[in-house]
Peer 1: 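One structure is given below, represented as structure tokens, and several questions about it will come after.
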Amino acid sequence: KETLDKGLEKTKESFFGKLTRSLVGKSRVDEEVLDELEEILISSDVGVNTTLKIIDRINERVSRDKYVGTDELNKVLKEEIAALLSENDSNGPTEYHIPEHNGNPHVIMVVGVNGVGKTTSIGKLANQFKKAGKKVVLGAADTFRAAAVDQLIIWSERVGVPIVQQGMGADPASVAFDALSSAKAQGADVVIIDTAGRLHNKVNLMNELSKIKRVMEKVVPDAPHEILLVLDGSTGQNAFEQAKQFALATSLTGLIITKLDGTAKGGVVIGISDQMSIPVRFIGVGEGIEDLQVFHKEEFVASIFG
Ligand code: GDP
């Protein structure tokens, strides 16, 4: 909770801080207050559609309750945003649960463009699973960049989990096949496969990802069980665009939104969570190994609105 609050400080300032200042001298929520709220939400990267939905909900609340004082607005906002996120987001407020697959490892494939924090998030995830007593294997199938493989090797050493890699330029599907085979042979609980995400060529990306998936299925019948897209939250609406593009290229099951610390654009999490019917599973709130948290909508909203 403390890490979350600290990580979301800037977003909180852009929401709650601005809102508090704009409410000075006003006692009730009226047109003018709603207009200002709309501006604040849009400028915090919530996105136009989700902002309009939130304003509609507050408007309804105002007409239903006849009078909503500005002192209650914060509470009403928290309730309405959390309710809005719950409608599209089946992900509960629990720890990430690794399901059983008849003795097969749980296979998580991670996608995302360079620089979004993909490798770091994989390292943090591996660390969490390991600390929870799970046997983890990493697969370095982002073979397009030498740095990606090297960085994942460093993370595997840091966390103390085995990695399967064939160096840069290797066939990603072959690495994935090896990683799953090795994980299965070792009786691992979870395999995390790092893949490349070159969005500038969508057809290639689609083909590459579906080839990796086909090959994985040969080792573990229903793999991958999870396809997580990593997005850089500090890029605001860009992250949103990437989510849309990747959703067209493959069947995403969840999102990791990173770098929410040090940005005022954290509102993008609300927009993405509302607009995409893909649950936000984790958020990154710092560079440290512990700074990846399971996304909990009520806590998130509570952190932003103080
Ligand atoms: P990749 O190219 O997507 O694999 O990106 P990396 O994992 O190498 O991360 C790029 C940079 O972002 C690194 O300097 C990371 O330390 C940093 N980073 C990743 N996640 C977070 C986060 O949640 N908060 C902050 N502040 N930095 C992060």
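First listed ligand is number 1; within each ligand, the first listed atom is number 1. The first residue in the sequence is number 1, and the count goes up from there. Hydrogens, waters and symmetry mates are skipped; everything else that's a heavy atom, side chains included, is used.
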Peer 1: Under a 4.0 Å threshold between the charged nitrogen and the carboxylate oxygen, would Glu79 count as salt-bridged to Lys75?
Peer 2: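 Result for this pair is yes, salt bridge flagged.
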Peer 1: Restricting to side-chain hydrogen bond (donor to acceptor under 3.5 Å, both in side chains), what partner residues turn up for Ser22, sequence neighbours left out?
Peer 2: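 With neighbours one apart ignored, the set is Glu36.
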Peer 1: Mind checking whether Gly286 has a heavy atom under 4.0 Å from ligand 1?
Peer 2: yes
Peer 1: Could you tell me whether Val113 approaches ligand 1 through its side chain, its backbone, both or neither, with non-hydrogen atoms closer than 4.0 Å?
Peer 2: backbone
Peer 1: Which protein heavy atom lies closest to atom 24 (N) of ligand 1, and at what distance to 0.1 Å?
Peer 2: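 Of the protein heavy atoms, Asp261 OD1, 2.8 Å lies nearest.
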Peer 1: Could you tell me the residue and atom name of the protein heavy atom closest to atom 6 (P) of ligand 1, and the distance to it rounded to 0.1 Å?
Peer 2: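 Here the closest protein heavy atom is Thr120 OG1, 3.4 Å.
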Peer 1: Can Arg21 and Glu13 be counted as an ion pair, charged N to O under 4.0 angstrom?
Peer 2: yes
Peer 1: Give me the residue, atom name and distance of the protein heavy atom closest to atom 4 (O) of ligand 1.
Peer 2: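 Closest protein heavy atom to atom 4 (O) of ligand 1: Thr119 OG1, 2.4 Å.
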Peer 1: Taking only heavy atoms of Gly284, which atoms of ligand 1 are found under 4.0 Å from at least one of them?
Peer 2: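 Checking each atom against Gly284, I get 23 (O).
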Peer 1: Under 3.5 Å, is there a donor-acceptor pair between the Glu38 and Thr51 side chains?
Peer 2: no
Peer 1: Would you mind checking which non-hydrogen protein atom is closest to atom 2 (O) of ligand 1, with the distance to 0.1 Å?
Peer 2: Gly115 N, 2.7 Å
Peer 1: Without hydrogens or angle criteria, can the side chains of Gln166 and Ser174 be said to hold a donor-acceptor pair below 3.5 Å?
Peer 2: yes
Peer 1: Out of Ala147, Ser234, Gly117, who is nearest to atom 5 (O) of ligand 1 when you count heavy atoms only?
Peer 2: Gly117
Peer 1: Using 4.0 Å as the upper bound for N to carboxylate O, is an ion pair formed by Glu290 and Lys131?
Peer 2: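 Answer for the salt bridge query: yes.
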Peer 1: Look at the rings of Phe15 and Phe305 and say which category their plane angle falls in: under 30° parallel, 30 to 60° tilted, over 60° perpendicular.
Peer 2: tilted
Peer 1: Of the protein's non-hydrogen atoms, which lies at the shortest distance from atom 18 (N) of ligand 1, and what is that distance?
Peer 2: Lys259 CE, 3.9 Å
Peer 1: May I ask you to list the atoms of ligand 1 that are less than 4.0 angstrom from any heavy atom of Val116?
Peer 2: 3 (O)
Peer 1: State, without any angle test, whether Ser43 and Glu39 hold a side-chain donor-acceptor pair at a distance under 3.5 Å.
Peer 2: no
Peer 1: Sequence neighbours left out, what passes side-chain hydrogen bond (donor to acceptor under 3.5 Å, both in side chains) with Asp222? Give chain and number order.
Peer 2: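 With sequence neighbours excluded, Asp222 shows a side-chain hydrogen bond (donor to acceptor under 3.5 Å, both in side chains) to His225, given in chain and number order.
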Peer 1: Would you tell me which option among Lys118, Gln293, Glu287, Arg145 has the nearest heavy-atom contact to atom 17 (C) of ligand 1?
Peer 2: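 Nearest option to atom 17 (C) of ligand 1, by heavy atoms: Glu287.
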Peer 1: Do any nitrogen or oxygen atoms of Gln151 lie less than 3.5 angstrom from nitrogen or oxygen atoms of ligand 1?
Peer 2: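 Right, the criterion is met.
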Peer 1: Do any heavy atoms of Val285 fall under 4.0 Å from ligand 1?
Peer 2: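 Val285 counts as a contact of ligand 1 under the 4.0 Å cut-off.
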